[in-house]
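This report refers to the structure that appears directly beneath it.
Chain A is the first sequence line, chain B the second, and so forth, proteins listed ahead of strands; every chain is numbered from 1.
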2 protein chains.
Amino acid sequence: MTSGTATERTTSRAGETWTIAQVADEFGVTHRTVRHYEDLGLITPERRGTQRVYHRRDRTRLSLILRGKRLGFPLEEIRTIIDLFDAPRGRRTQLEYVLGQIDERRADLEQRLRDVQDAIAELGEFEHRCRDDLGRLDEP
Amino acid sequence: MTSGTATERTTSRAGETWTIAQVADEFGVTHRTVRHYEDLGLITPERRGTQRVYHRRDRTRLSLILRGKRLGFPLEEIRTIIDLFDAPRGRRTQLEYVLGQIDERRADLEQRLRDVQDAIAELGEFEHRCRDDLGRLDEP
DNA sequence: ATAGTGCTTTACGTTTACGTCAACGTCAAG
DNA sequence: CTTGACGTTGACGTAAACGTAAAGCACTAT
């Protein structure tokens, strides 16, 4: 799936690269979206001359971005989160900062987890009521 | 918590009512936000003359709205969801439609559930790596 | 040489979800 | 009866997240 139909652009070894069109439709977004993420500093593809060249690192980031979006995080917040993964952790103060950020993120995510679980549960109860109604329609 | 400091407006029986200011700061939003939800048809408070009067039904809807927002749903979609709960279910076709909608909603929510769980898991692994790094700083 | 295909930047447009005045009504308290 | 405190309706402003041209390179294919 990594090789395009027309212009072959993948190196096909370890160190594959992709064009903007390839990553865009592989991830189901437009090239405009991909470039928008670059404008905001969420991805920084290599440049070969004027052209953008995407590596696996960029694809990893893109999938993190899209999952973040599915979870309703704003792009700016997503940036701080994925930057966290690449942040320098050499000194103790840096590590402790990162660990603190992790805790904040986790608290946020666990709230969302509860919200989703509650919503699914309520949906289940509602379905039960509906099925009851449906049953009463058959044998009154 | 239902009685204001100045102008007493709660009936204090079964059938409590609230002003816009009361619901707004109880739910931690502005009155502008509450009115915006009304403009979009997500809540329809009673009118006593020109004033809005909020009932428990409105509060239930508001909490559903806010949870939907925390989950990243757009307001229009939230409206169709919570309207579903109040939809007529008298006829079989209506019930079957509702049950179909429930399935769609559930599929969506279960995707989000997986996303949140994955994100939490990754955060856990990342924390583990950080703690390892921290340990190596003590005893090299 | 020219046409086509894909990529690039620049820049204005759009939708969502409110924020922020402005200007006015209303009711109880001083 | 005027002053607040709270409520109301416009109406314009704004930030986020892209959409949508417009116009120009770069390389290939004919």
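- Residue B:R52 places at least one side-chain N or O closer than 4.0 Å to OP1 or OP2 of D:dT8.
- At a non-hydrogen distance threshold of 4.0 Å, nothing from residues 65-80 of chain B comes into contact with DNA chain D.
- Expressed to the nearest 0.5 Å, how far CG of B:D58 lies from CD of B:E46 amounts to 9.0 Å.
- The structure places NE2 of A:H36 at 7.0 Å from CG of A:D39, a figure rounded to the nearest 0.5 Å.
- Residue B:T19 has a polar side-chain atom (N or O) positioned under 4.0 Å from OP1 or OP2 of D:dG7.
- With salt bridges taken as basic N to acidic carboxylate O contacts below 4.0 Å, none links A:R105 and B:E122.
- Following rounding to the nearest Å, A:I20 (CD1) and D:dA26 (P) show an atom-to-atom distance of 18 Å.
- Nucleotide D:dC18 holds its P atom 11 Å from the CG atom of A:L62, rounded to whole Å.
- Of the possible polar contacts, none joining the B:R112 side chain to the A:V116 backbone as a donor-acceptor pair under 3.5 Å is found.
- The residue from B:R131, B:R129, B:R136 that alone fulfils the side-chain hydrogen bond (donor to acceptor under 3.5 Å, both in side chains) condition with B:D133 is B:R136.
- Taken residue by residue, residues 28-47 of chain A places heavy atoms nearer than 4.0 Å to DNA chain D at A:T30, A:R32, A:T33, A:H36, A:Y37.
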(request) List the steps and the verdict of side-chain hydrogen bond (donor to acceptor under 3.5 Å, both in side chains) for A:Q51 and A:R48. (result) CA-CA 5 Å; A:Q51 307 250 124; A:R48 244 165 239 173; over 6 Å; no
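- Rounded to the nearest 0.5 Å, atoms CD1 (B:I78) and CG (B:L40) are 10.0 Å apart.
- Cluster membership check: B:V53 does not share its hydrophobic cluster with B:Y37, using side-chain heavy-atom separations under 4.5 Å among Ile, Leu, Val, Met, Phe, Trp and Tyr.
- Considering B:V34, B:V23, B:T60 in turn, B:V34 is the only one that fulfils the side-chain contact (heavy atoms from CB on, under 4.5 Å) rule with B:I43.
- Under 4.0 Å is where a charged nitrogen must lie from a carboxylate oxygen, and between B:E16 and B:R56 at least one such pair does.
- Rounded to 10°, the angle separating the first-five-pair axis and the last-five-pair axis of the helix from C:dA1-D:dT30 to C:dG30-D:dC1 equals 20°.
- In this structure, B:Q51 places its CD atom 14 Å from C1' of C:dC24, rounding to the nearest Å.
- In this structure, the side chains of A:C130 and B:L99 come closer than 4.5 Å at one or more pairs of heavy atoms.
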